[in-house]
J.: 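Dumping the structure here so I can ask a few things about it.
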Amino acid sequence: MTPRSTRTGEDAEDLDVEEVLALVNNSNGTHPPEPAARPEPAARGEKGGTGTPREPDTRHRATPWPQARDIAERAARNAGRAARRDPVSVPLDAALGLTLATPLDALTDLPSFDTSAMDGWAVCGPAPWDVREEGVLAGHTAQAPLTDGEAVRIATGARIPAETTAVLRSEHGRTDDKGRLHATRGVAPGQDIRPRGQECRTGDQLLPVGTLVTPAVLGLAAAAGYDTVTALPRPRVEVLVLGDELLTEGLPHDGLIRDALGPMLPPWLRALGAEVTVVRRVRDDAYALRRAVTGSDADIIVTTGGTAAGPVDHVHPTLRRIGAELLVDGVKVRPGHPMLLARVTETQHLVGLPGNPLAAVSGLLTLAEPLLRTLAARPAPEPYTLPLRDAVHGHPHDTRLVPAVLRGDQAVPLHYNGPAMLRGIAAADALAVVPPGGARPGQETELLDLPWASAGIEVCFT
């Protein structure tokens, strides 16, 4: 499996925090949002969908899938500039996934003293050596300097005594019947000694502004003397789960179904860089939805269901009543074409996901992912493709997102890929981006990695 690579912005040293968004997302400047497109007719199976065609001049005027993602990125850049979110100081154990807002400069030499790279003996001068009785362990204070012809037992990571010529590894030394140490192979000056400042000197820049905080970055920061890092805060997201038909426990019954999105969306959003502040359940009531939206102080509101044109689909009417600006009103993608993106205020957006589970996932990766990634100043993944093992049926006009597993140098499309199904995506490594008209076996196809793609779970329902 070949994951996407990311960029960390090696030339970011002289950029300020406001430029981080442009840096790590390869911005080419500010562009006005594209005009909103009218949605296509609601599909059967989407909440509120009737399958009844709308006026002929509105058919197939939804936003193309790549353009919808670009609009979400530009909207986030504009919101980030307007909000002027101040960097925060974050403890290392809470910084994973954030983006550095200041360079990571070394607060100490690394290593901060000459250390032994191996278990063995610190030796001075040529062999044979008389060995001191007391050895040197990591974390202990420095011993007296060695004299010519003297050696001392030393552990990996221990401070090297002054006047040490080299470290002789344990497997490369032997003692004679008089207790003197001999080398079984040549000893070069400086051998197996990590000199002070070998990795960096105090003040050296280790990582630039715009670097994504990974586990390795946390380790480097700790080694360099940091207890906290300065980073951009996570975008705050509020999830509104809409619907009177949803159960939170037990088996479906009497026309009621289990809510799959309430448990699924918060961890997925966190994996995309969000701080999920609250998950609210909102009944199918226009006033309740309006109160929930206008009462939110989150950077992004994510709603589930209610984006089509049925009798209880209140998202569009609510957005009109509060004066929100539709940036994306329907996307040419299956599943999930009734998704939408609206600007509620200059610094707040709403992502409307369809109610069917896989359709909601499609909306999450189409609109919420670029919006969150840009607000969090995370590096944009490099696009990559793999050949499909099997043919995939396509929509005549729309992009299709199909769950797939990655096997060697191929992507294997999965069954159970209908709008209401989660069985395929639960086993998937990625979503294959199938162009209108479909894809043939062996055709190179773009892949969108899922957050857990590196977990190595080998489950396949093909």
Side-chain angles (χ1 to χ4, degrees), residues 39-53 60 62 65 68 241-243 245-247 251-252 255-265 268 303-310 313 330-340 352-369 388-406 411-441 445-450 452-453 457 459-462:
E40 294 188 68
R44 296 185 186 276
E46 300 289 1
K47 186 181 175 185
T50 63
T52 304
H60 305 302
W65 182 77
V241 180
L242 313 183
E245 76 280 20
L246 301 177
L247 295 168
L251 295 174
L256 303 178
I257 60 173
R258 280 295 298 271
D259 169 31
L261 298 182
M264 180 174 71
L265 290 181
W268 203 322
T303 63
T304 69
T307 57
D313 289 331
V331 177
K332 289 185 176 182
V333 67
R334 302 296 172 117
H337 66 283
M339 68 182 72
L340 62 85
L353 304 178
N356 274 328
L358 189 57
V361 169
S362 174
L364 190 71
L365 296 182
T366 300
L367 297 176
E369 187 276 333
L388 293 176
R389 191 190 72 178
D390 308 318
V392 178
H393 175 72
H395 187 273
H397 310 286
D398 299 350
T399 299
R400 277 193 72 199
L401 300 181
V402 178
V405 290
L406 309 185
V412 182
L414 298 178
H415 297 167
Y416 309 109
N417 54 32
M421 296 181 178
L422 285 175
R423 188 172 173 181
I425 194 69
D429 298 314
L431 286 175
V433 182
V434 179
R440 64 186 182 278
T445 304
E446 182 180 356
L447 277 301
L448 299 179
D449 281 337
L450 301 177
W452 53 87
I457 301 174
V459 179
C460 182
F461 298 107
T462 56

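Just the heavy atoms: all of them, side chains too, but no hydrogens, waters or symmetry mates, feed the values below.
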J.: Applying ring pair (Phe, Tyr, Trp, His ring centres under 6.0 Å), name anything that partners W65, two or more places apart in sequence or on another chain.
T.: none
J.: How long is the straight-line distance from CG of L450 back to CG of L365, given to the nearest 0.5 Å?
T.: 6.5 Å
J.: Which one of T304, L422, D259 satisfies the side chain to side chain contact (heavy atoms under 4.5 Å, CB included) criterion with P357?
T.: L422
J.: With no hydrogens and no angle check, is any side-chain donor or acceptor of D429 less than 3.5 Å from a backbone partner on L406?
T.: yes
J.: Got H393 and R400 here, is their nearest side-chain heavy-atom distance under 4.5 Å?
T.: yes
J.: Partners of R440 by side chain to side chain donor-acceptor pair (under 3.5 Å), sequence neighbours excluded?
T.: Q443
J.: Taking T366 as the fixed residue, which of L401, L353, T399 is the one that meets the side chain to side chain contact (heavy atoms under 4.5 Å, CB included) rule?
T.: L401
J.: Kindly determine whether L340 and L367 satisfy side-chain contact (heavy atoms from CB on, under 4.5 Å), including the steps that lead there.
T.: CA-CA 8 Å; L340 62 85; L367 297 176; 5.6 Å; no
J.: Please report the shortest heavy-atom distance between G355 and L261, naming the atom on each side.
T.: O-CD1, 3.7 Å
J.: Side chains of D398 and V333: does their closest heavy-atom pair fall under 4.5 Å?
T.: no
J.: Between D390 and V412, is the side-chain contact (heavy atoms from CB on, under 4.5 Å) condition met? List the steps.
T.: CA-CA 7 Å; D390 308 318; V412 182; 4.1 Å; yes
J.: How far apart are the C-alpha atoms of L256 and L246, what are their side-chain angles, what is the distance that settles it, and do they pass the side-chain contact (heavy atoms from CB on, under 4.5 Å) test?
T.: CA-CA 6 Å; L256 303 178; L246 301 177; over 6 Å; no
J.: Could you report the tightest heavy-atom contact between P403 and N417, atom names first, then the distance?
T.: CD-CB, 3.7 Å
J.: Could you state the interatomic distance from NE2 (H337) to NE2 (H397), rounded to the nearest 0.5 Å?
T.: 12.0 Å
J.: Between M421 and L358, which heavy-atom pair has the shortest distance, and what is it?
T.: O-CB, 3.2 Å
J.: Distance-only, no hydrogens or angles: does the T445 side chain make a donor-acceptor pair with backbone N or O of L388 under 3.5 Å?
T.: no
J.: Can you give me the closest heavy-atom contact between P436 and P396, atom names plus distance?
T.: CB-O, 3.8 Å
J.: Using every non-hydrogen atom in the two residues, find where V402 and L414 come nearest and quote the distance to one decimal.
T.: CG1-O, 4.3 Å
J.: Where do G363 and M339 come nearest, in terms of heavy atoms and distance?
T.: CA-CE, 3.4 Å
J.: Measure the shortest side-chain to side-chain distance between V433 and L448 over non-hydrogen atoms and say whether it is less than 4.5 angstrom.
T.: yes
J.: Would M264 and V361 satisfy side-chain contact (heavy atoms from CB on, under 4.5 Å), going step by step from the backbone distance to the final call?
T.: CA-CA 9 Å; M264 180 174 71; V361 169; 3.6 Å; yes
